Amino acid sequence: MAGGEEMFEDKEGKKKMEKDTVEIKIRFNRFWLERAIYIVVILILIGLLFYNPFGAVICGENKSEVTSVPVVSEPEPEVEGPEIEEEPVVETEPEPEPEPEEEPDLSGEATLTIDKIKLDENKTKVESITIKINNQYKIFTPLVWVYWYDKDSVGAVKEFPNGGKISFTGAIPLRQTSVKKLDDELKAHYLRTDDDRRETFKVELYDASDKTLLDSKTKSIATD
């Protein structure tokens, strides 16, 4: 009995396992299987073309080897320039310095010249008197007394400087001729009326510092 029960249980167990088991059958077409494998191989090759770590390493190694090789350039041949002839050095003797010219000795005088006398159109009025002073005396400030009169004027008139006593504003240089035009400085301007045909002008030159008379000049002009 015991053996029969075990056999019965085994049969029931196999039937139960057969009920729980699902049988799956997959069928592959040989043509499509070969085509799928062919497509996978092509995709792998394309991926290797875009990403090739081994190729990049090899290229980098070759690049470092190329850049590390020094380039030896051949020296350029030296070009000889034209020979320059040296000019002989000519020694020149220095020219002697000119000796300073000695200034002539001073005459010790200051000479006066009545240069130009200008009258108005009617010849009744003095507009200006131009004088020149050649100074061989010393550096000094000139003082001039100016007169004019005619031949019929009395002696007292001839001795009065009606043109004025005019002092220069500063000293005049030595060894030079100074020109002075007297116009606004004149004390009077109208001529004498004793003789209408000629007028005599007199200018006296003094040293303003001590009133020393240095020179005196006269000049007559026609007034008719």
Side-chain angles (χ1 to χ4, degrees), residues 84 86-224:
I84 301 175
E86 296 183 358
E87 297 182 358
V89 179
V90 179
E91 296 183 358
T92 57
E93 296 182 358
E95 296 182 358
E97 295 182 359
E99 296 181 359
E101 296 181 359
E102 295 183 0
E103 295 182 349
D105 295 335
L106 295 173
S107 64
E109 297 179 353
T111 56
L112 174 69
T113 303
I114 302 175
D115 185 31
K116 186 178 180 181
I117 300 171
K118 184 179 180 181
L119 304 179
D120 65 347
E121 293 180 357
N122 299 324
K123 293 185 178 182
T124 59
K125 185 178 179 182
V126 180
E127 292 187 353
S128 64
I129 302 173
T130 303
I131 61 174
K132 294 181 179 179
I133 302 173
N134 183 12
N135 184 16
Q136 300 293 324
Y137 171 58
K138 66 177 183 180
I139 298 176
F140 73 102
T141 300
L143 170 66
V144 292
W145 292 13
V146 182
Y147 310 75
W148 60 79
Y149 49 85
D150 54 40
K151 66 178 182 176
D152 295 332
S153 299
V154 296
V157 173
K158 295 179 182 180
E159 295 176 1
F160 178 73
N162 54 325
K165 299 177 181 180
I166 303 168
S167 179
F168 283 36
T169 56
I172 59 175
L174 190 61
R175 303 178 188 275
Q176 293 185 19
T177 298
S178 301
V179 180
K180 176 69 173 176
K181 183 178 181 181
L182 308 174
D183 43 23
D184 295 336
E185 299 93 338
L186 296 173
K187 185 177 180 180
H189 290 275
Y190 287 97
L191 300 177
R192 300 291 183 180
T193 59
D194 301 321
D195 185 358
D196 296 337
R197 292 174 294 177
R198 296 193 69 83
E199 195 81 6
T200 301
F201 290 82
K202 183 174 73 170
V203 180
E204 294 176 345
L205 173 63
Y206 294 87
D207 185 346
S209 62
D210 55 9
K211 303 299 186 296
T212 301
L213 179 60
L214 302 176
D215 197 6
S216 178
K217 290 294 191 297
T218 60
K219 185 175 183 178
S220 295
I221 61 173
T223 58
D224 54 359

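Remember, it's a predicted structure, so these values are computed and weren't measured experimentally.
Atom-to-atom distance recorded for K118:NZ and K116:NZ is 6.5 Å, nearest 0.5 angstrom. Between the CD1 atom in I117 and the CH2 atom in W148 there is a gap of 9.5 Å [rounded to 0.5 Å]. Interatomic distance, CG of N134 versus OG1 of T111, reported as 4.0 Å (0.5 Å rounding). Interatomic distance, H189 NE2 to D184 CG, rounded to the nearest 0.5 Å: 6.5 Å. Atom CD in E199 sits 8.5 Å away from atom OG in S220 (nearest 0.5 Å). Note that the NZ atom of K217 and the CD1 atom of I114 stand 8.5 Å from one another [nearest 0.5 Å].
Side chain of D207 to main chain of T212: no donor-acceptor pair is present (N/O by atom type, distance under 3.5 Å, no hydrogens or angles). The main-chain N or O of T200 is never found under 3.5 Å from a side-chain atom of K151 such that the two would form a donor-acceptor pair. In terms of modelled atom types and a separation under 3.5 Å, the side chain of Q176 and the main chain of L174 share no donor-acceptor contact. Between the W145 side chain and the G163 main chain, no donor and acceptor come within less than 3.5 Å of each other. Side chain of N135 to main chain of P173: a donor-acceptor pair is present (N/O by atom type, distance under 3.5 Å, no hydrogens or angles).
At least one side-chain heavy atom of K180 sits under 4.5 Å from a side-chain heavy atom of I131. Contact annotation: the side chain of L119 approaches that of L191 to within less than 4.5 Å [non-hydrogen atoms, C-beta and beyond]. At a threshold of 4.5 Å between non-hydrogen side-chain atoms, the residues Y206 and L214 do not count as touching. For the pair F201 and V126, the minimum side-chain heavy-atom distance is below 4.5 Å. A 4.5 Å side-chain heavy-atom check between S167 and L143 finds at least one atom pair inside the cut-off. No side-chain heavy atom of D150 sits less than 4.5 Å from a side-chain heavy atom of T223. Taking the side chain as every heavy atom from C-beta outward, L106 and R175 approach each other to under 4.5 Å.
The nearest pair of heavy atoms linking L205 to A110 is CD2-O, 3.9 Å. When all heavy atoms of V146 and I166 are compared, the closest pair comes out as CG2-CD1, 4.2 Å. Closest heavy-atom contact between D183 and S128: CB-CB, 4.0 Å.
Around the CG atom of D210, the shell of radius 6.0 Å holds more than 12 heavy atoms that belong to other residues, nucleotides or ligands.
Aromatic ring pairs are classed by plane angle as parallel below 30°, tilted from 30° to 60° and perpendicular above 60°; the pair F140 and Y137 is perpendicular.
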Problem set entry | side chain to side chain contact (heavy atoms under 4.5 Å, CB included) evaluation trace for T113 with T177 | CA-CA 10 Å; T113 303; T177 298; over 6 Å; no
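The residues E204 and K202 are annotated as salt-bridged, a charged nitrogen and a carboxylate oxygen being separated by less than 4.0 angstrom.
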